[in-house]
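Shown next, in structure tokens, is the structure this report addresses.
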Amino acid sequence: MLKTRKVVIIGSGHVGSHVALNLIQSGEADEIALIDIVPHKAAAQAMDLDDGIAGALCRRDCKIYEGTYGDLDDASFMVVAFGRSRKPGETRLDMFDDSIRSANEVLSHLKKVNFKGIMISISNPADIICEYIRRKMDWNPHRCFSTGTSLETFRLMRVVHEVTGVSRHSIQGFCMGEHGNSSFPVWSHVSIQGVPFLELRKQKASLRKISLDELQTRIRRAGDVEIDGKGCTEFGIGNVAGMLISAIQHDQKLVWPCSTVLTGEYGQKDVACGVPCILGRKGIEKVLEVKLLPEEQEKLDKSCDILRSFLERADSVK
């Protein structure tokens, strides 16, 4: 039997610990097992987080502890957050070799357990690592996906808020493609309470002064600014993972851009990238195909080509 509110987090560094914190504070987990390759780190993080439960008098109690891969046998969620932080000046793809080696170590353990739940992968390069693990484990795509362009989408909301002044709660839109430098905002589907952003730019001279390329660069560069300034990103992605787990547990049918393998959608096959999906009780229940402008389709094709080329050489990493 699965414990429907049990989450196992592989990797208890900045990202994994903030995923755990989000789940504790939101009350979305009854039990969290932390796993880390560094001796005693998971136990220390679990103790620190447990102190936070007592200190904050959270709405629900949550059992949190250093776990083992055996904890996956009755867990509903596995969050993959292993790997080192990105260094200043690095792209996520620069982490490819190190991350594949770490993924192979994790895979050696996953093959010994019987995990039947849903895997949400964060480890960079996120699209590639998730699809690499999924293929090696032969898991159904609906239960194995990455956070994709979730952070880019959050950053899109922030940037549009900054240039328009409207609340980000009134902004609708998403980014697609790689979680990385080839991601792009789908401007043809960005709107403010039904008013297309592209139409709003025509009406406001102040918005026309800022090119779409400049706004795209601000969105793409946000993670680099955070890495250069503090050495990691952690809070935003912790909230993303918590949001996705909540959407699945409550069968919300949330439409959100996650990275999943494509089987013909958008003219792409055998590659995983960020696309709008419907999230419900079974995980990814449907990939939504939205109409893209020709230049947007070209950007998606280019992003998929980059991701596919890395996936094809993953097995050659020693």
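Not measured: the values here are computed from a predicted model.
Between M119 and R134, the closest side-chain pair of non-hydrogen atoms is not below 4.5 Å. The shortest distance between side-chain heavy atoms of Y132 and L107 falls below 4.5 Å. Residues F77 and I32 are not in side-chain contact: their nearest non-hydrogen atoms beyond the backbone lie 4.5 Å or more apart. Looking only at side-chain heavy atoms (C-beta outward), E178 and V271 stay at 4.5 Å or farther from each other. Annotation: side chain of I129 is not in contact with side chain of F96 (no heavy-atom distance under 4.5 Å). Two residues are said to be in side-chain contact when any heavy atoms from C-beta on lie closer than 4.5 Å; V19 and I120 fail this criterion. For the pair E66/Q45, no side-chain contact is recorded, criterion being any heavy-atom separation below 4.5 Å from C-beta on. When side chains are defined from C-beta on, T164 counts as touching F197, because their heavy atoms get closer than 4.5 Å.
Dense packing is recorded around NE2 of H142, with more than 12 heavy atoms of other residues, nucleotides or ligands lying under 6.0 Å away. Around atom CE of M47, no more than 12 heavy atoms belonging to other residues, nucleotides or ligands sit under 6.0 Å away. Within 6.0 Å of NZ in K204 there are 12 or fewer heavy atoms belonging to other residues, nucleotides or ligands. Annotation: I37, atom CD1; neighbour count of heavy atoms from other residues, nucleotides and ligands within 6.0 Å does not exceed 12. Heavy atoms of other residues, nucleotides or ligands lying less than 6.0 angstrom from CD of Q297 number more than 12. Heavy atoms of other residues, nucleotides or ligands lying less than 6.0 angstrom from NZ of K269 number 12 at most.
The backbone N or O of F154 sits nowhere less than 3.5 Å from a side-chain atom of R168 that would complete a donor-acceptor pair. Not one N or O on the side chain of E152 forms a donor-acceptor pair closer than 3.5 Å with the backbone of R220. Checking side-chain atoms of T217 against main-chain N and O of D213 turns up a donor-acceptor pair under 3.5 Å. Between the side chain of H189 and the backbone N or O of K291 there is at least one donor-acceptor pair closer than 3.5 Å. Under the 3.5 Å distance criterion, the side-chain polar atoms of S26 are matched with a main-chain donor or acceptor of N22. Looking at E285, its side chain does come within 3.5 Å of a backbone N or O of R281 through a donor-acceptor pair. The backbone N or O of A42 sits nowhere less than 3.5 Å from a side-chain atom of D36 that would complete a donor-acceptor pair. A donor-acceptor distance shorter than 3.5 angstrom exists from the side chain of S99 to the backbone of N124, with no hydrogens or angles considered. Between the S123 side chain and the F82 main chain, a donor and an acceptor come within less than 3.5 Å of each other. At least one donor-acceptor pair under 3.5 Å links the side chain of K6 to the backbone N or O of D71.
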Open item on the list: Show, in sequence, the C-alpha distance, side-chain angles and deciding distance for L292 and M176, and conclude whether the side-chain contact (heavy atoms from CB on, under 4.5 Å) test is met.
Closed with: CA-CA 11 Å; L292 300 178; M176 290 177 64; 4.0 Å; yes

TODO: For the pair K299 and Q216, evaluate side-chain contact (heavy atoms from CB on, under 4.5 Å) and give the outcome as yes or no after the intermediate values.
DONE: CA-CA 12 Å; K299 289 179 180 178; Q216 176 175 281; 3.2 Å; yes

Task: Candidate pair I306 and N181, rule side-chain contact (heavy atoms from CB on, under 4.5 Å), full reasoning - done: CA-CA 10 Å; I306 292 170; N181 289 353; over 6 Å; no

Open item on the list: Working note: R308 + D301, criterion salt bridge (charged side-chain N to carboxylate O under 4.0 Å, His left out); need CA distance, chi angles, decisive distance, verdict.
Closed with: CA-CA 10 Å; R308 189 181 290 106; D301 292 343; over 6 Å; no

TODO: Run the numbers on T147 and H179 for side-chain contact (heavy atoms from CB on, under 4.5 Å), then give the verdict.
DONE: CA-CA 8 Å; T147 48; H179 174 46; 5.5 Å; no

Task: Criterion salt bridge (charged side-chain N to carboxylate O under 4.0 Å, His left out) on K302 and D305, from CA distance to verdict - done: CA-CA 5 Å; K302 179 181 177 181; D305 286 345; over 6 Å; no

Task: Steps toward side-chain hydrogen bond (donor to acceptor under 3.5 Å, both in side chains) verdict (S170, Q193) - done: CA-CA 6 Å; S170 300; Q193 289 302 91; 4.7 Å; no

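Of all non-hydrogen atoms in G173 and T153, the two that sit nearest each other are O-CG2, 3.6 Å. Pairing each heavy atom of K116 with each of D73, the nearest pair is NZ-O, 3.3 Å. Minimum interatomic distance between G274 and T149 (heavy atoms only, all atoms of both residues): CA-OG1, 3.9 Å. Contact between C273 and L300 at its shortest, heavy atoms only, is SG-CD1, 3.9 Å. Closest of all the heavy-atom pairs between R158 and A222 is NH2-CB, 3.4 Å. Closest non-hydrogen pair, A272 versus E131, comes out as CB-CB, 3.9 Å.
No salt bridge links D315 with R313; every basic N to acidic carboxylate O contact stays at or beyond 4.0 Å.
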Donor-acceptor pairs under 3.5 Å, side chain of residues 205-212 to any protein atom, not counting sequence neighbours: which ones?
| unit_1 | atom_1 | unit_2 | atom_2 | d |
| --- | --- | --- | --- | --- |
| R208 | NH1 | K202 | O | 2.6 |
| S211 | OG | E214 | N | 3.0 |

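Between F235 and H18, the ring planes lie perpendicular to each other; the angle is over 60°, past the 30° to 60° tilted range.
Under the 4.5 Å side-chain heavy-atom criterion for ILVMFWY residues, a single connected hydrophobic cluster contains both V317 and L307. Grouping the Ile, Leu, Val, Met, Phe, Trp and Tyr side chains by contacts below 4.5 angstrom, directly or via other members, places F184 apart from L293. Under the 4.5 Å side-chain heavy-atom criterion for Ile, Leu, Val, Met, Phe, Trp and Tyr, V261 and Y266 are members of distinct hydrophobic clusters. Both I284 and M243 are part of a single hydrophobic cluster, where members link through side-chain heavy atoms under 4.5 Å apart. Cluster membership check: V106 shares its hydrophobic cluster with F115, using side-chain heavy-atom separations under 4.5 Å among Ile, Leu, Val, Met, Phe, Trp and Tyr.
Between the side chains of S121 and S146, no donor N or O sits under 3.5 Å from an acceptor N or O. With hydrogens and angles left out, the side-chain atoms of T233 and E226 include no donor and acceptor closer than 3.5 Å. Judged purely by distance below 3.5 Å, without hydrogens or angles, the side chains of Q172 and S191 pair a donor atom with an acceptor atom.
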